[in-house]
Structure formats: C-alpha cells, structure tokens
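As structure tokens, the structure follows; a few thoughts come after it.
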Amino acid sequence: MYTTAQLISIYTSLTGVAPDVVVQLTLDAWATQSQTGGISDAQLMDRMNSTWAPPTPVDPGPSPEPDPEPTPDPSPPDPGPPPVVFSPSQVLNTFYAAISRGSFAAAGSVDSQALNALATKVGSGSMTLADAQAAVIKMAGQSVSVVNLTYQFFTGSTPYQTGVDYLIGNPSGLASAYYQGFSLENRYINFATNLGKVGEGAARFAAAYGGLSLAEALGKAYAEIFGAPPGDAKIRELLDAQLPVGGQTITRADYFASFGQDGPNGLGTKAAMVGWLLAEAVKAGVGPYAKAQDAFLADLGGDGIAKFHVDLLGAYGPHVAPPAGASLSFAQNQSISVSAADAKLRATDNSDVIAGEGGLGAGQTIATGGGDDRVTISGVVDGKIVLGDGNSVVTLSDGLGASGSVTFGRGSNTLHLGGKLAAGASVSAAGFDNTLHITSTSALVSGSVTGFQTIVLDAPPAAGALAGMKDAQLIYDMVPSNFGEDVKVNITAANHETVVLKDTAYGVVITDSTVAGASEIVVHLDNFTGAPTTKVDYRNNPPVSAYYSADGGSITIVSTNDIDWQTRTGKVTLYVDSDSTAGMICGYFPVFSMATSALRSLQVLELRGTGKLTAQIFETFTQIDATRGGAFDLTYSVAGRTWIDGLKTVQVGSFKFSDWGGKLTVGLGHAADKDYSAPMTFTLGAGADTIVAANGAEGLNNLAIVDKTVFVTAEVTGFEKGVDHLVLDAVSHGTIVNVQAAVEGASSLTQALTLAAAKVAADGLAVFTYGGDTYVYIQDDLAGLNMTGGGHAGDGLIKLAGVTGLSVVTGAANGDIHWA
C-alpha cells in the first residue's frame with residue numbers, strides 16, 4: 001500500500017519536479033485506491049511509470065557544440081511558499097457541509113459513499129471538480145432548495161440565513177426524522193401547503209391566486225416557475241394524470257386536494273400544486289427558479305457565504321445589460337432628467353454616464369431613468385439623486401448634506417461613500433442585492449441608509465460610522481495596507497451582520513448588540529493575515545471602563561447587550577474560508593448590574609471551512625469545536641488566573657479537533673481547584689494531531705486533589721498510536737522514570753499516582769498505564785504528590801484515554817510522546 005506522501009516522493013524522483021495541484025489530486029486518489037485495495041502495488045507503479053516516467057533517450061549521434069548558456073541570475077526571486085492543496089475529499093465534504101447547513105460528519109451513509117465516489121473520480125481525473133460540485137448541489141441542496149424556492153414563490157424573497165437554518169435544523173424541520181420519510185416531491189408539497197395556505201405567504205398567494213381555478217393557477221404558476229406557459233392540453237395532462245396512492249388510483253388534482261384539505265380549488269390545494277411544480281423544476285434543472293437556486297447553492301458552497309433574504313431571481317438570475325446611453329456632465333445648480341429640454345442634461349432609459357463637480361445644490365435633481373447608470377459627484381450633494389431599475393453605481397467622494405438623498409431602483413446597486421452622510425440625509429435602495437463601500441476614513445453614516453445588504457470597508461471607519469445603517473447582512477473588512485501599522489478597525493454589527501475579514505491584516509473589534517445569552521456571531525476569514533499578539537490589556541473598572549484589548553492582528557468579539565448574561569451561551573462561528581493567520585481571538589461581554597460589574601466570557605467558538613488557521617485563542621472561549629474546520633496551528637491559553645478582571649480561568653471545557661490534522665499548543669496549568677468538577681477534554685480527529693504542552697515549568701501543573709482523591713483535569717480522547725503526538729518539550733526536562741511495575745495492582749488512580757510519585761524525583765516525568773489508559777505525570781520542583789507546593793505550584797497530569805503501548809522518546813525522534 002502507498003500513501004500520498006510516498007507517491008509524491010516517487011513522482012518527484014521520476015520527473016525531477018514537485019507535483020502541481022492537479023497532479024497532487026490525482027496522487028491522492030491513487031493512494032486512496034491503493035489503501036482500500038482498489039489497485040495493486042504493481043498496477044499502481046505501472047500507472048506511475050506510464051504516466052510520468054521519462055522516455056529512454058535515443059542517441060542522436062554527434063551534434064554541433066551548442067551556444068553558451070546565458071549565466072543565470074544568481075539570486076532568483078523567492079516564489080514564496082507553495083499553495084496549500086486540499087484533497088478532493090476535503091473540498092467536497094466542506095462544500096457539502098456549507099450547502100446542507102450541517103456537518104458532513106453527520107451525513108448519512110448514502111451521501112457519504114457518494115461524496116467518496118465523487119472525490120475518487122476527481123482525484124483520478126475522470127471528473128472535473130466543477131462537475132463534482134454540481135453533483136453535490138443536487139445531493140446536499142434539497143432542504144435549502146425547499147426553503148428558498150417556496151419562500152421565493154410565496155413571499156417574493158428567500159429567508160434570512162438564520163431563518164433557513166432554523167427551518168432546516170429545528171426538531172420538526174426539514175432535516176428531522178419526520179421529513180426524512182417524505183419523497184422530494186412531498187417535501188415541497190407539504191412545505192408549500194403550509195406556507196401558502198396558513199403561513200406568512202398566505203396573504204400574498206391569496207391575492208394572486210385566490211380567485212383562480214386549479215387549472216388557471218397551474219398555468220400561471222407553471223409559466224413563472226418554468227419560464228414558459230403551458231398549453232391547455234399540458235395543463236389537463238398534468239392534473240388528470242393517474243397516481244396510485246394508498247391502494248387506490250386518483251388524479252394528480254385529487255392528490256393536491258388531499259394535502260390542501262380545502263376543496264378542489266382551495267388555496268391549500270393550489271399551494272400543494274405549486275410545491276409539486278417547484279420539485280419538478282428542480283429535478284429537471286429547468287426554468288428560472290431552478291437555475292437561480294443552483295447559482296445560489298454554488299455561491300454558498302464555496303465558503304458558506306451567499307445572499308440570503310433576497311429576490312432570488314433578481315440576485316441570482318441572469319442580467320441583460322441595457323445598451324449604452326448618454327454621457328452627461330452638470331454644474332452644481334443644474335438638474336438632469338429624462339424629460340430635460342436641454343439635450344446636454346437629458347438622461348435616457350439606457351446606461352448613462354453622469355459626472356459633476358462642485359456638488360449638487362439643494363432643490364436640484366439627478367433623475368436617470370432606467371439602465372445600468374454611473375453617477376460620479378465630487379463636492380457635497382444637497383440635492384436629490386433618483387435612479388431607475390438597473391445595476392447602477394453612484395460615487396460620492398464628499399458625501400451628502402442634510403437635505404441630500406439618493407434613491408436606487410431595483411437591481412444590484414452600489415454606492416461609494418467617501419464623505420459624511422449628514423443627519424437628515426438618506427440613501428435607499430429597492431431590491432435585495434445592494435452594496436455600500438466606505439472609501440474614506442472621514443465617511444460617517446449619521447443619516448439613514450436602508451436597503452443595502454452588504455457593506456465593504458475600503459477604509460477604516462470612524463467610531464460609530466455605520467450608526468445609520470439598516471438591513472445589512474454582510475460587512476466586509478477589506479482595509480488595504482496603506483493606512484499605517486497602528487490601525488484598529490472597529491465594526492459595530494448593530495443588526496447582527498456577518499463580518500468578513502478579507503485580504504486585510506488589521507486587528508478588528510467587532511461589537512454585536514445581540515443579547516449575550518443568545519449570541520450567534522458569525523465571522524469569516526478570507527486571506528486574513530493578522531500578526532501575532534504580543535500584549536494584552538484588561539480594563540475592568542466600571543463604570544469608567546470595561547473592555548479587553550490585544551495588539552497585533554487580533555480579533556475581538558464583544559457582545560454588549562447583557563440582559564441574560566448569566567446563561568453564558570453565546571457562540572462565535574469563525575469560518576476560515578482560505579488560509580489565514582490571526583493574533584489573539586477573544587470573545588467577551590461586559591456586565592453592568594446592581595449585583596456585579598465585570599467582564600464575562602463568550603464560551604463557544606466553532607471553527608469551520610477548508611482554510612488553515614494559525615492563531616492564538618484566549619481562555620474566554622471554554623468550548624472550541626473545530627470538527628467542521630480544516631487544518632490549524634493554534635495556541636490556546638487555559639492557564640489564566642482567576643483574579644484577572646473576572647475573566648476566570650478555564651476549569652471545565654473542551655477542544656475538538658478536525659479530521660484534517662491540527663497542532664494545538666496549550667498551557668494546562670491551574671486548570672483545577674477545590675471546586676473542580678470535570679476535566680478539560682481534547683478530542684482528536686482522524687488526521688495526525690499534535691498537542692504541545694507550553695508555558696514552561698508552569699505549563700502543566702494542573703493536578704487536582706480533592707478530599708485526598710486525584711481527579712483527571714486534562715483528558716485526551718481519540719489518540720492514535722503512531723499517528724498523533726503529545727509534545728512535552730517545554731514543560732519537562734527531567735529524567736523519565738519507569739514506574740509501570742510500581743503501579744501494577746493499584747486499586748485506584750489515586751493509589752497508582754501516589755505510587756508513581758514516590759518513584760519520580762523533582763522535575764521528573766513518568767508515563768504509565770492504568771485501567772486501559774495512558775497517564776503522563778510531571779513532578780514539579782517539590783518532591784511528592786502535591787497540587788500547591790513548590791515554585792511550579794503543583795504537579796501535572798494528562799490522561800490519554802483508551803490507548804496503551806505508546807512510544808516515549810527524546811531528541812529528534814518522532815514518537816507518540818516526546819520530551820526534551
């Protein structure tokens with residue numbers, strides 16, 4: 001059997017170069033086939049040689065002396081590190097997770113087998129990655145498609161992301177056992193009947209379809225969903241089709257009525273009919289609804305970000321650009337309109353280009369008509385800008401005065417704001433795909449901005465710069481590097497927006513006003529390159545101040561509404577969309593009440609996405625779940641002091657690894673006291689994982705002895721011999737002692753550890769097995785079993801659950817357990 005690493009080595013020896021991305025995918029697939037018995041070693045070597053071995057050279061006979069070779073540049077530019085290559089399995093699994101709104105680890109056996117088969121095809125070159133992702137869309141997107149398409153039809157827009165996730169994941173949602181027993185068609189029919197008959201789409205549906213017969217309703221809905229009207233014969237064919245149901249044969253019209261329960265032409269019956277049409281359109285991949293939903297799922301699968309709560313057809317349907325219109329310029333005291341008498345100030349319903357200097361005076365209007373218009377104005381705008389439907393762009397380098405306004409029509413519109421939007425000014429946009437760019441540090445939104453779903457920070461915003469924003473779903477921090485080294489970007493997610501840190505290195509403080517007890521804060525990292533944190537500041541002296549801050553490329557999430565702070569169930573979901581580095585990642589909320597004033601921690605941090613994350617994580621997160629994430633190299637502090645401004649040390653918590661291999665550097669000191677109740681657990685994934693105990697001699701002094709009984713305070717599960725590693729280089733340099741004979745026959749862990757401690761000198765280390773588990777014991781600088789004495793303040797203990805026979809090595813050797 002061959003591993004991918006072995007095949008890469010063979011390929012390099014055959015070709016003299018390292019494999020590129022495509023070759024690595026192929027080698028990964030061949031390695032999988034080799035390890036599962038799908039191909040013999042001899043066949044695999046034949047394949048390698050026939051594909052890449054150089055041909056035997058033929059002697060061409062004497063040849064003239066070649067011209068001298070040019071002298072190569074003695075110092076060629078450094079190409080930088082090679083790009084990280086993800087296996088087809090990892091890419092498709094993550095794509096599946098983003099679309100299904102769940103974890104690929106929880107995928108059913110059928111989907112898991114299909115994902116593996118697709119990954120193998122991509123790896124072998126028999127299928128493109130794009131085609132495999134299209135197959136995943138059909139497989140994983142069923143529940144999201146039911147929600148999106150039915151809401152689109154009955155309400156005119158898709159739900160918010162939180163709504164989609166709830167409708168799928170709640171106990172009676174589309175992912176529940178109840179719906180799993182339904183066919184695809186019946187999921188659509190059942191969901192549509194509820195939404196169109198009694199749900200939030202009922203009023204709109206009744207207004208449009210209530211007065212129609214079932215046949216008339218089918219013709220109208222068919223034309224909208226499939227993009228072309230059916231003839232009368234087609235309508236009768238669809239409704240009169242005979243279906244076997246419950247041991248009898250009924251018409252399809254009667255089948256719809258059985259769901260509607262309100263007669264052959266009832267609103268529920270017609271809603272059931274719409275659900276069936278949507279299902280058929282999705283199955284066939286035909287019509288504007290199905291095609292727009294496929295485009296939405298392709299967008300969602302890449303990184304988990306897509307346009308939610310939008311007009312699906314407008315946001316993801318095709319856009320036909322109008323022809324070019326007029327090119328116009330104006331003065332501060334002039335107006336432009338489609339009916340202007342002066343041809344130089346007359347706009348068209350096509351795509352106009354309009355520019356002005358000196359601003360726009362109060363009482364003046366720029367009215368462009370329809371089309372994909374471009375309006376650029378320097379100077380303050382005190383007048384009105386009115387645009388028709390289309391994908392228009394307005395650039396205001398100096399902002400809007402108190403009487404100024406901008407009104408966009410329906411479409412994908414963009415506003416570039418480079419100055420202040422004064423109190424009293426307003427910007428509004430119809431449709432569900434509009435973007436605001438903050439282009440200057442002087443930009444300040446004091447007026448009202450509505451109808452914009454995306455905000456892009458092209459410059460660091462001033463404090464409170466987004467105060468007037470409403471309706472936004474996404475905030476992109478893309479502040480470029482030309483703003484200096486000391487920039488700290490402050491983002492107020494006042495409407496619970498998702499924050500995306502894209503192509504930027506600046507530290508960020510994200511303030512979310514969601515109730516802390518129910519916080520669901522979402523952050524995406526896309527090529528975030530923040531520097532490590534070297535300094536942490538605490539300020540916990542309310543009412544003067546209560547905050548936490550860190551330097552470098554830190555990410556701080558603050559939940560400021562603390563009505564229900566006692567529950568402490570806040571959660572931060574961090575999507576690592578591409579390889580990223582960060583300084584300290586911290587989540588907390590300030591508490592101000594009659595009983596207490598302090599900082600309290602947001603406890604849950606979930607890592608998702610295919611990118612590798614290199615970062616520091618602060619102890620305010622007590623439960624870290626990376627099972628749906630990629631590879632990582634993290635430093636995690638669980639060794640804080642309880643007296644530091646109320647940010648209490650982690651005593652009970654968990655860290656779950658992904659399946660893609662991770663390195664976790666962690667301090668395990670001071671992890672328990674007399675109130676100890678449970679261990680800090682580390683659950684390893686299927687890849688090669690490494691836990692490094694850090695912080696020097698105090699990095700492992702977590703021993704808990706309560707009423708003369710020893711408790712485990714750091715437990716590692718899923719440790720695989722020969723794959724995973726525990727590194728103790730920083731915390732122990734003493735002689736390792738073989739205490740296995742001494743602990744044999746011990747009747748309890750306390751007795752076993754007492755016997756082991758008697759054999760270990762100060763600063764020594766022992767590894768022994770007891771009860772089918774492996775224990776790593778470190779003696780501090782005070783001989784004897786203790787948890788408080790000596791300069792190191794106690795002994796240390798780690799449990800590796802369910803594994804024995806591990807190798808313990810020093811020096812350069814790569815054993816299961818390593819110490820210097």
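Computed from a predicted model, the values in this text were never measured in an experiment.
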| field | Verdict with reasoning, Y316 to Y289, per ring pair (Phe, Tyr, Trp, His ring centres under 6.0 Å) | value | CA-CA 9 Å; Y316 286 98; Y289 274 67; over 10 Å; no
| request: Give the C-alpha distance, both sets of side-chain angles, the deciding distance and a yes or no for side-chain contact (heavy atoms from CB on, under 4.5 Å) between F226 and E280. | output: CA-CA 10 Å; F226 285 91; E280 294 305 310; 4.3 Å; yes
| message | The test is side-chain contact (heavy atoms from CB on, under 4.5 Å); show your working for H524 and I305 and say whether it passes. | response | CA-CA 9 Å; H524 284 253; I305 300 177; 3.1 Å; yes
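Each of L457, V500, T498, L501 was compared with I475 under the side chain to side chain contact (heavy atoms under 4.5 Å, CB included) criterion, and only L457 meets it. Looking at V394, N413, L415 one by one, the single match for side chain to side chain contact (heavy atoms under 4.5 Å, CB included) with V427 turns out to be L415.
Summarising the geometry, atom OG1 belonging to T158 is positioned 6.5 Å from atom CZ belonging to F296; distances are rounded to the nearest 0.5 Å. Atoms CG and CZ, from L387 and R374 in turn, are 10.5 Å apart once rounded to the nearest 0.5 Å. Here the straight-line distance linking atom CD of E200 with atom OH of Y151 works out to 4.0 Å at 0.5 Å rounding. To the nearest 0.5 Å, the span separating NZ on K283 from CD on Q142 amounts to 10.5 Å. Taking NE2 of H319 as the start and OG of S412 as the end, the distance is 7.5 Å to the nearest 0.5 Å. Atom OG of S100 is separated from atom CD1 of I168 by 8.0 Å, given to the nearest 0.5 angstrom.
Heavy-atom neighbours of K656 NZ from other residues, nucleotides or ligands within 6.0 Å: at or below the threshold of 12. Within a 6.0 Å radius of NZ in K220, other residues, nucleotides and ligands contribute more than 12 heavy atoms. The local environment of NZ in K291 is sparse, with at most 12 non-hydrogen atoms from other residues, nucleotides or ligands closer than 6.0 Å.
Although no hydrogens or angles enter the test, the distance criterion places no donor-acceptor pair under 3.5 Å between the side chain of T94 and the main chain of V91. Counting only distance, with no hydrogens or angles, the side chain of N170 and the backbone of Y166 share a donor-acceptor pair below 3.5 Å. Remark: side-chain polar atoms of N116 are paired, donor with acceptor, to backbone N or O of S112 under 3.5 angstrom. With hydrogens and angles disregarded, a donor-acceptor distance shorter than 3.5 Å links the side chain of R204 to the backbone of F153. Side-chain N or O atoms of D659 include one that pairs as donor or acceptor with a backbone N or O of A686 at under 3.5 Å. Distance alone, capped at 3.5 Å, places no donor-acceptor pair between the S392 side chain and the D372 backbone. Formation of a donor-acceptor pair under 3.5 Å by the T439 side chain with backbone atoms of L417 is found in this model. Within the 3.5 Å criterion, the main-chain N or O of G451 finds a donor-acceptor partner in the side chain of N434. In terms of modelled atom types and a separation under 3.5 Å, the side chain of K270 and the main chain of Y209 share a donor-acceptor contact. A donor-acceptor contact shorter than 3.5 Å is absent between the side chain of Q623 and the backbone of S654.
Using a 4.5 Å heavy-atom threshold, the side chains of D294 and K138 count as touching. Contact of the V604 side chain with the D625 side chain is not registered, since no non-hydrogen atoms from C-beta on lie closer than 4.5 Å. Between F621 and V572 the shortest side-chain heavy-atom distance falls below 4.5 Å.
Ring pair H309/Y160 is parallel by interplanar angle, where below 30° counts as parallel and above 60° as perpendicular. Note: H416 and H437 have parallel aromatic rings, judged against thresholds of 30 and 60 degrees for the angle between ring planes.
Closest non-hydrogen pair, I99 versus V144, comes out as O-CG2, 3.0 Å. The shortest heavy-atom contact between Y179 and R187 is O-NE, 3.4 Å. The shortest heavy-atom contact between T504 and D477 is CG2-O, 3.4 Å. Summarising the geometry of M469 relative to F452, their closest heavy-atom pair is CE-CB, 4.2 Å, with the distance given to 0.1 Å. The heavy-atom pair separating F308 from P159 by the smallest distance is CB-O, 3.6 Å. Minimum interatomic distance between A202 and V198 (heavy atoms only, all atoms of both residues): CB-N, 4.1 Å.
Side chains of S578 and D526: a donor-acceptor N/O pair is present below 3.5 angstrom, by distance only.
Taking 4.0 Å as the cut-off between side-chain N and carboxylate O, D311 and R410 count as a salt-bridged pair.
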